[in-house]
Amino acid sequence: MFTFGESNRVGAHISGISENFSEGNMRIPAGCAISAIANVKGIPFSGKAIRDSIANMRERSNGLGGGFAAYGIYPEYKGFYAFHIFYEGCAAQENTECFLGENFDIEVGGKIPTRKVVGITDAPLIWRYFLAPRVDKLAESELNADEFVMRCVMRVNSSIDGAYIASSGKNMGVFKAVGYPEDVADFYMIDTYKAYIWTAHGRFPTNTPGWWGGAHPFALLDWTVVHNGEISSYGANVRFLEMFGYKCTLQTDTEAITYIFDHLVRRHGLSFEVAVATVAAPFWDDIERMLPEKRELIKALRATYASLLINGPFSIILAWGNGLMALNDRIKLRSLVSAQHGDNIYIASEEAAIRTVCPEATNVRSLGGGEPLLVFIEGIDGYGN
Amino acid sequence: MKYVIIGNSTAAVAAAEAIRTADREGLMTIISDEPHHTYSRPLISYYLFGRTDENKMKYRGADFYEKNGIIPMLGNKVVGIDASAKLVILENGTHINYEKLLIATGSRPAIPPIKGLQRNNVFNFIKLDDARLIEKYAVKGSKAVVIGASFSGLKAVECLVERGVSVTTVDIADRLMPRLLDASSSLMVEKVLADRKVRVILQTSVVSIEGGKGPDSDAESVIIRSADGRQETLPCDFAVVATGVAPNIGFLANSGVKTNRGILVDDKMATNIKDIYAAGDVAEVFDHYSSKNAVIATIPSAFEQGEAAGLSMAGLDRKYRSSPVINSMPLFDITVMGAGITESLLGTETIIRQKTGNGVTKDSYMKFVLAENHLVGYLFVNEASRAGIYTDIIRNRIDIAPFRENLGSDEFGFLSMPSSVRQGMLYAGIET
Amino acid sequence: MAELKTTIKHKKIMAKEEFCAGCRLCEVHCVLAHSKYRNDIVKAFKKIYPRPLPRIIVEEQKPISFGIQCRHCEDPACVKACITGAMSKDPETGIVTNDENRCIGCWTCMMSCPYGVIVQDVKGGHIASKCDFCIDNGMDPACVKNCPNEALFVVDQE
Amino acid sequence: MAIDMTFPEFQIERDRDKCIDCQVCARQCSNQAHFYDEEEGIVVSDDSKCVNCLRCVTLCPTKALTIKKHDMEFKLNANWNETAIKEIYKQAATGGMLLTGMGNDRNYPIFWDHILLNASQVTNPSIDPLREPIELKTFLGSKPERVLIENGRLAEPLPPQLELEIPVMFSAMSFGSISLNACKTLAMTASAIGTMYNTGEGGLHKDLYKYGKNTIVQVASGRFGVHPEYLNAGAAIEIKMGQGAKPGIGGHLPGEKVGAEVSSTRMIPLGTDAISPAPHHDIYSIEDLKQLIYALKEATEYRKPVSVKIAAVHNIAAICSGIARAGADIIAIDGYRGGTGSAPTRIRDNVGIPIELALAAVDSRLREEGIRNRVSLVCGGSIRNSADIIKAVALGADAVYVASAALIAMGCHMCQKCYTGKCNWGIATQDPNLVKRLNPEIGTRRLKNLLNAWSHEMKEMLGGMGINAIESLRGNRLMLRGIGLMDNELRVLGIKAAGE
């Protein structure tokens, strides 16, 4: 049977169902709920609000996956890459830690604290490490740190059985599991963390129980993506990405979207606006009406990155160290609403999910197709600036 | 504007129609000594053997005068013109005032020096009334002598033969229709006549038409004398005189209108007198092909002249330019066509193409008259297809040098000419 | 005084030499269109004798060929030449037609037509036959409609 | 004369009740299969001359004609079938190679017909082309590693690209193999639709320079009609290394087809055979090809993409990787079912591999090597309809080349007698009596109709898959499933079986 890349078997073992039906073995279309809250001044706040917001959209999920991304939660270790790793057994943990040991200086490592929740079962071993690439390894790799880390993550996720790195950025982390998002929040004690950007995801996969690694947000380095939709360009996107060392082991849209932005913004140094003009490109008719300079630029982007155009319905919230972006597909086939209150920006699949945590929110608007909402957090640096 | 047209035939009708293209209001009167609705004179031979009838002979529809706002004054003979008072004087004394006058009185029979012409069974062959008179005499078994083997004479012969009359025709010339036919073509026509038991006597003059006492008693025979002096008496039940026609200008005596053979007109068909125009068989025009003045008594040129005259009368600046004279004559089962100059004059050369029939096709004869590299005339017997192209070659003085050997070829057409000539003739002025 | 034009339209059928395939379907359909069996080509050809001539003439000298028929001239020589008045140009349509009832076959029109496209037809005695622009068929000429290579086309000059 | 064992292939049935002996068939048949019997006054036919081009049937005003496979049959034999026997008779009589025209007509599997497309249901809305724009615009040419932007402006222009409004181009057909009117039809259609046609190795006729923006000028082993003005006249240059219908074989235009126009366009003497050698005599390895590619780029100041056309053969993937690295901007792969004006029958029917497999193999290989974006892939070799195109794009093609389909739209009836030069439809002939039968205005109208119809269909199929720009389908093999294919074929195609 033909598959892209290598399959990852973690979820299969955990969820205990035939591997053919788990992520990494086939495409899984999914409907979902997404939500995000950010403080533009960079002042951290508790995860309670995001929990309540996503909980409000419970009927958009089906208990087969939920998760949160939080930025600014590890100020004391902000210099280190924070890995959140699921282990499906000691063997996996040993192999992984041995691999990590070879390539990183591990500052701290330990279990991520969780509390028992009725709705959450089959939990793997969930570990957290703060680490930095070993100087010698980094030097011989002739890569920059991010690139080095990314490749290690790819390596682990694609080749160490039973191990999955769910999160690998700095001063941020992803907390996800199989279950309803509010249960996941309680399980990870989200309310005890303080972040200046929170994103959340409630999942409605249409054909499998889902599994922990496959839950969202999906993360790579500082990138996290929560996404609602199903992209019809997936095959084209992935086959292009694979030429650049990305291994789309999960075969989920979210994974592909994350890599696309990583490729365009982090690797090719494009601005978010330009990246958006690539993934949700204007139509040729509109391009023809642009001023020559802009027309040439957009044409070049569409021609060069044609395979990175994201087609089909999607609403995503992409977050990174110092900002986040909400984006709809170019013909707006999914709902996505934004609002504001003071220094807080709210984004969610439904207005209700915003109102429930911030009734007084103002300039509520539905995002236009292909028109990004970009939010940068003051005084913090990261991608795209 | 008040237009008056004397005459009711081709030139008159063409003028009336031309005037109406330019002036829908002006008053128009047509005066004719014939009482009939405008009709086609050459049809009288067909009338006589029933190929047409008085109704079908009408040259224009029954509503012609009404439709064109014309007051027809038919059956009124014009006896004179008072140019100073701008009046047309009728036999019945009436005076008709005009502002523009067209004289289109056509031809009258030329009177040959023959005794007994006035006998009442001696007929001309020009008008419908002539035909009506002949009709009574031309019965099966009767005998007729046609004096003058001219165009109209031969048409008379044809219809008489068709009516079962035994016909003899006499002409002073050495061949039939000498102005049209040459010796060989004449022979072909003579053969056709012989086949119809028509006796053709050439190079023979008519001395007198004999009959009972009294100048207007019936003719009984025609006495002829051949070149060698032999006399012969041709018994007959009636005779037809077709010795040619002359412009009908008698009534212009002391009108001041200048005439030669016909009324002299300029290229706008104007006579020497202001507001008086002439056209048709009565006019003498400059013929661009023979480069001399001529009275061209054919329907096509009558029409062209009438049209030109009408437009001039209506105030348009139109110059008349003569077309090649064309004559087409079907006679029994032979067809004769002549255009332009058909005789081999000095300075011309001729190309002859003759074909012998194969039972299905008939013997045929083609003669092209060339002056340098131009076609100036042709004469066809039993050859008709694409004839108009040759006429156009004459009309437009097309240089035939590049394709002269193709003249008269079976497949002759535009593809017989070089592409440039062809394109010129076919697509001139049309963007395709 | 300005001349008031009596003819408004001035239609011509023209041929593109370079695309005439020389199949002569124009002739076939001309005969059909002027036969009494307009919708039955087989009958039109098998039941009518003598078969009327096509009113289009196809000239051919390989590789060049083209069909040519009455151009319905603005100033038609045939109408002027006609001794009976049978030949006339309709001021409305501009189409030149020959009234076959009045035509007695003197062929003067043949001599005057600059395109040589009037033919001697045998049907019922001597009749000059020429293209009538399929005037009885909504002026939708059968030759043009059935030219497989669109080598025949109508030029419409106002 | 010795005994002739050839039998008529077809029989002409003339319905005497319908035939009106108008002789249209006789006038139109360049093979004299019909002729007029003066004596009897009827039109009669000669079966042995008929090639079943259907010109007569199409033009017969009474539909009195039918052409059938000849009733005459050899004794049934699964092995020594009629074709096998007749070919031997022919060769025994002539001692020559068998020649044929158009594409391989043997009963090999057609993979297009074993591939099915996906469509959206529930989880992902399909898009209605009547309501939403669906884009087919395609750029052919090498794409840079990345787009460099300086203060909002494009820092470096893209390498030269061909901008196509529809991912369909007309493949190489030379003036000589086809008539000037056929060339004009292709050129006029290409410029009207916004795509490219290809001169083949026929040079560029003076009347066609005005369509330069939509012309790919070809440089082949004979170098016919190649000069600086020619190279710069087109939008792109194509080096022809091979042709699907006759891989490893050169071309041969017989002298009788080299009339004044052809000879001046090809720059060869009037009436001489135009022979394109099997190999380019200056290309004996990949580095030689690289030299030619850059020679042509130099000649056109790097302003035109250079394409390399090769026949699909066994190790196509490796060859294409080499061509990509040799600096080609476009690689055109021609499958074994591709057409030809003339080829030895044995070669056409037995050499090369199917375009579907070749395309899939090449696309995968270039991606494995990470150089897929460096070249555009064009595939040809019997693309018959819009579904074939969509499947080709999903397998990885940037655009397709069509030729046979275009000729059929112009009137070709696939009689496969192109090599005789007697094409009754005015396409594969130089005989002025036949050439004039193809009116480029009609041809262009029909060809535009075909491409417009195809683009409507393509948009419907894309919309059904929830895709509103063709690039999102390019190489998107998840949109394909195989039916009735074996595992190894599925593997090469890189698609799953239906139901998986």
Side-chain angles (χ1 to χ4, degrees), chain A residues 1-4 20 26-27 29-31 204 206-207 229-240 242-245 251 263-264 267-271 273-274 278 281 283-287 293-294 296-313 329-331 333, chain D residues 118 120 122-127 132-133 135 137-139 141 143-149 152-154 156-158 161 163 165 363-364 366-373 394 396 398 462 465-480 487 490-491 493-497 500:
Chain A
M1 184 190 73
F2 183 91
T3 63
F4 290 101
N20 283 350
M26 66 189 316
R27 295 268 296 130
F204 197 140
T206 42
N207 63 356
E230 178 189 354
I231 58 179
S232 41
S233 57
Y234 179 84
N237 302 142
V238 164
R239 293 192 70 211
F240 185 83
E242 284 173 340
M243 286 199 290
F244 301 92
Q251 297 186 49
H263 185 71
L264 293 174
R267 280 180 152 179
H268 287 186
L270 303 181
S271 71
E273 292 81 355
V274 171
T278 306
F283 285 96
W284 288 114
D285 292 351
D286 304 326
I287 294 174
E293 223 169 50
K294 187 168 183 197
E296 284 325 294
L297 174 60
I298 305 291
K299 268 193 177 186
L301 289 169
R302 276 199 76 171
T304 308
Y305 298 115
S307 303
L308 295 184
L309 178 72
I310 304 179
N311 225 305
D329 61 86
R330 58 184 191 161
I331 53 174
L333 293 170
Chain D
N118 192 26
S120 307
V122 185
T123 61
N124 173 344
S126 46
I127 303 167
E132 303 283 351
E135 302 178 316
K137 192 189 278 286
T138 297
F139 288 86
K143 309 297 185 296
E145 180 70 16
R146 64 173 60 180
V147 173
L148 291 175
I149 301 172
R153 298 208 190 99
L154 191 57
E156 277 176 18
L158 289 186
Q161 305 285 322
E163 186 173 338
E165 297 307 320
D363 176 73
S364 303
L366 295 179
R367 288 174 189 271
E368 281 159 24
E369 298 187 13
I371 55 173
R372 176 64 183 83
N373 227 31
D398 288 280
L462 286 170
M465 291 184 264
I467 289 176
N468 62 11
I470 188 99
E471 56 257 51
S472 296
L473 179 69
R474 196 159 285 125
N476 190 346
R477 300 183 187 176
L478 290 176
M479 291 297 172
L480 305 176
D487 282 356
L490 290 166
R491 196 189 69 246
L493 289 168
I495 63 175
K496 297 184 183 183
E500 283 190 300

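Hydrogens, waters and symmetry mates play no part in the numbers below; they use all other heavy atoms, side chains included. Labels below follow one simple rule: chain letters A, B, ... track the order of the sequence lines, proteins then strands, and each chain is numbered from 1.
- Residue contact with chain A, scored on non-hydrogen atoms closer than 4.5 Å, involves the side chain of D:I127 exclusively.
- If you measure heavy-atom distances from A:F244 to chain D, the contacts under 4.5 Å come from the side chain alone.
- A:N311 contributes atom CG, which lies 8.5 Å from atom CG of D:L462 (distance to the nearest 0.5 angstrom).
- At most 12 non-hydrogen atoms from other residues, nucleotides or ligands lie less than 6.0 angstrom from CG of D:D487.
- One finds the OG atom of A:S232 at 9.5 Å from the CG atom of D:N118 (value rounded to the nearest 0.5 Å).
- Contact detail for A:L333 and D:P125: the closest heavy-atom pair is CD1-CG, 3.9 Å.
- A 4.5 Å side-chain heavy-atom check between D:R477 and A:R239 finds at least one atom pair inside the cut-off.
- Checking side-chain atoms of D:N373 against main-chain N and O of A:T304 turns up a donor-acceptor pair under 3.5 Å.
- Your options are A:A281, A:G312, A:A300, A:G245, and the one with the most heavy-atom pairs under 4.5 Å with chain D is A:A300.
- Note that CZ of D:R474 is 13.0 Å distant from OG of A:S233, once rounded to the nearest 0.5 Å.
- The shortest non-hydrogen separation linking A:L297 to D:G152 is CD2-O, 3.5 Å.
- Within the 4.5 Å cutoff, the side chain of A:R302 has no heavy atoms near those of the D:K137 side chain.
- Chosen from A:E296, A:K299, A:K294, the residue pairing most often with chain D at heavy-atom distances under 4.5 Å is A:K299.
- Rounded to the nearest 0.5 angstrom, D:K143 NZ and A:S307 OG are separated by 9.0 Å.
- Of the residues considered (A:L309, A:N237, A:L308), A:L309 shows the highest number of contacts with chain D, using heavy-atom pairs under 4.5 Å.
- Heavy atoms closer than 4.5 Å to chain A are found in both the backbone and the side chain of D:S364.
- Looking at D:E145, both its backbone and its side chain come within 4.5 Å of chain A, counting heavy atoms on both sides.
- Most heavy-atom pairs under 4.5 Å with chain A, from the set D:L473, D:V122, D:D363: that is D:D363.
- Atoms CZ and CD, from A:F240 and D:E471 in turn, are 12.0 Å apart once rounded to the nearest 0.5 Å.
- Here the closest heavy-atom approach between residue D:V147 and residue A:Y305 is recorded as N-OH, 3.0 Å.
- D:R146 places a side-chain N or O within 3.5 Å of a backbone atom of A:R267 that can act as its donor or acceptor partner.
- Across D:T138, D:L154, D:N468, D:I149, the residue that shares the most heavy-atom pairs under 4.5 angstrom with chain A is D:N468.
- Contacts with chain A were tallied for D:Q161, D:R153, D:R372; D:R153 has the most, counting heavy-atom pairs under 4.5 Å.
- The minimum heavy-atom distance between A:P313 and D:N124, with the atom names listed, is CD-OD1, 3.2 Å.
- Of all heavy-atom pairs between A:M243 and D:L366, the closest is SD-O, 4.3 Å.
- Residue contact with chain A, scored on non-hydrogen atoms closer than 4.5 Å, involves the backbone and the side chain of D:I467 alike.
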